[in-house]
Number of protein chains: 2
Amino acid sequence: MRGSQTGRPIMALLDLLGRRWALRVIWELREGPLSFRQLQAGCEAISSSVLNDRLAELRAAGIVEAAPEGYRLTPEGEELLALYPGLDAWAQRWAERDRRG
Amino acid sequence: MRGSQTGRPIMALLDLLGRRWALRVIWELREGPLSFRQLQAGCEAISSSVLNDRLAELRAAGIVEAAPEGYRLTPEGEELLALYPGLDAWAQRWAERDRRG
DNA sequence: CCGAAGCGCTACGGTTTCCGAAGCACATGA
DNA sequence: TCATGTGCTTCGGAAACCGTAGCGCTTCGG
């Protein structure tokens with residue numbers, strides 16, 4: 001995997017999550033399973049080929065898994081999702097800041 | 001900014017952080033200011049042109065700022081960094097899992 | 001049984017992004 | 001003056017991504 005040469009696991013993780021749509025796909029799955037096409041619609045303009053690539057990578061990493069209903073987060077994926085409220089709160093403050101100049 | 005059309009700030013943030021090296025640059029600045037070339041060396045193979053692009057984006061977002069010693073995280077950047085221990089811990093467990101099969 | 005519709009996924013050409021190497025303008029120190 | 005180090009830029013080629021189309025399959029209504 002890209003970026004894993006250093007032997008430091010977080011480098012590989014930052015690499016995996018630092019690809020287009022990877023963070024977003026996890027976020028879209030926050031409220032339960034979604035089908036491939038629902039996921040594609042949720043991510044506005046993502047190309048189906050790229051979505052397929054990201055899903056394959058996230059599944060290989062054990063973050064996402066296939067389900068009868070489509071795709072869902074694994075327990076490990078849920079652990080990652082637990083970090084998102086912090087991101088969300090930060091983004092809210094960020095928007096406030098910009099609005100006020 | 002890309003991905004901000006939805007009006008949901010987190011989308012713009014996920015978009016910003018989901019670019020190559022963006023997450024990594026923040027991580028590299030965790031222990032204090034680094035010069036441009038130190039940052040480049042820390043990120044192994046990053047191209048100087050891309051590093052310059054990421055720094056410009058992160059500065060525009062108020063996450064990173066220029067300092068006499070080079071570049072450092074802003075207070076807002078430090079808030080984002082506060083989420084990294086969770087990522088690091090996850091990555092550690094991830095590596096453990098892989099090692100055991 | 002047959003067509004329509006929906007599914008996950010793939011193929012492919014064009015565009016954007018990134019890499020790698022070289023080098024510029026400037027500052028510092030010998 | 002000359003070497004060295006800095007932040008940063010340029011540019012050609014490679015890789016990633018987008019947009020569209022469509023395949024093979026299943027489901028459902030007629």
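Residue pairs meeting the ring-ring contact (aromatic ring centres under 6.0 Å, His included) criterion with at least one member in residues 40-63 of chain B: none, sequence neighbours excluded.
dG30(D): Watson-Crick or G-U partner is dC1(C), with both key distances under 3.5 Å.
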Identify all pairs in which a protein N or O lies below 3.5 Å from an N or O of nucleotides 24-28 of chain D, and state each distance.
none

What pairs of nitrogen or oxygen atoms, one from the protein and one from nucleotides 13-16 of chain C, lie under 3.5 Å apart?
none

Are there any protein N/O atoms within less than 3.5 Å of an N/O atom in nucleotides 6-9 of chain D, and if so, which ones and at what distance?
| from | atom 1 | to | atom 2 | distance (Å) |
| --- | --- | --- | --- | --- |
| dG7(D) | OP1 | F36(B) | N | 2.7 |
| dG7(D) | OP2 | F36(B) | N | 3.4 |
| dG7(D) | OP2 | R37(B) | N | 2.9 |
| dG7(D) | N7 | R37(B) | NE | 3.3 |
| dG7(D) | N7 | R37(B) | NH2 | 2.7 |
| dG7(D) | O6 | R37(B) | NH2 | 2.7 |
| dC8(D) | OP1 | Y71(B) | OH | 3.3 |
| dC8(D) | OP2 | Y71(B) | OH | 2.1 |
| dT9(D) | OP2 | N52(B) | ND2 | 2.3 |
| dT9(D) | O4 | S48(B) | OG | 2.4 |

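Partners of R93(A) by salt bridge (Lys or Arg N to Asp or Glu O under 4.0 Å), not counting sequence neighbours, listed by chain and number: E79(B). Scored by the side-chain contact (heavy atoms from CB on, under 4.5 Å) test, S48(A) finds F36(A), Q40(A) as partners (sequence neighbours excluded). Y84(A) is linked by a ring-ring contact (aromatic ring centres under 6.0 Å, His included) to W27(A), counting only residues two or more places apart in sequence or in another chain. Here E76(B) pairs with W90(A), R97(A), T74(B) under the side-chain contact (heavy atoms from CB on, under 4.5 Å) rule; sequence neighbours left out. Judged as a side-chain contact (heavy atoms from CB on, under 4.5 Å), and not counting sequence neighbours, the contacts of A66(B) are R59(B), Y71(B). For E78(A), the side chain to side chain donor-acceptor pair (under 3.5 Å) criterion is met by no residue, not counting sequence neighbours. With sequence neighbours excluded, the residues forming a side-chain contact (heavy atoms from CB on, under 4.5 Å) with A95(B) are P9(A), R99(B), listed by chain and number. Applying the salt bridge (Lys or Arg N to Asp or Glu O under 4.0 Å) test to E65(A) and every residue at least two apart in sequence or in another chain returns R72(A).
Taking both residues in full, the closest heavy atoms of L39(A) and L34(A) are given as CD1-CD1, 3.7 Å, listed atom of the first, atom of the second, then distance.
Between the P atom of dT10(C) and the CG atom of D53(A) lies a distance of 9 Å, rounded to the nearest Å. Whole-Å rounding puts the L39(A) CG to dG8(C) P distance at 9 Å. Distance, R19(B) CZ to dA16(D) C1': 14 Å, rounded to whole Å.
Taking 4.0 angstrom as the limit, R54(A) places a side-chain polar atom (N or O) nearer than this to OP1 or OP2 of dC17(D). Contact annotation: W21(B) side-chain N/O to dC18(C) OP1/OP2 distance is not under 4.0 Å.
How far CZ of R20(A) is from CG of D53(A): 13.5 Å, rounded to the nearest 0.5 Å.
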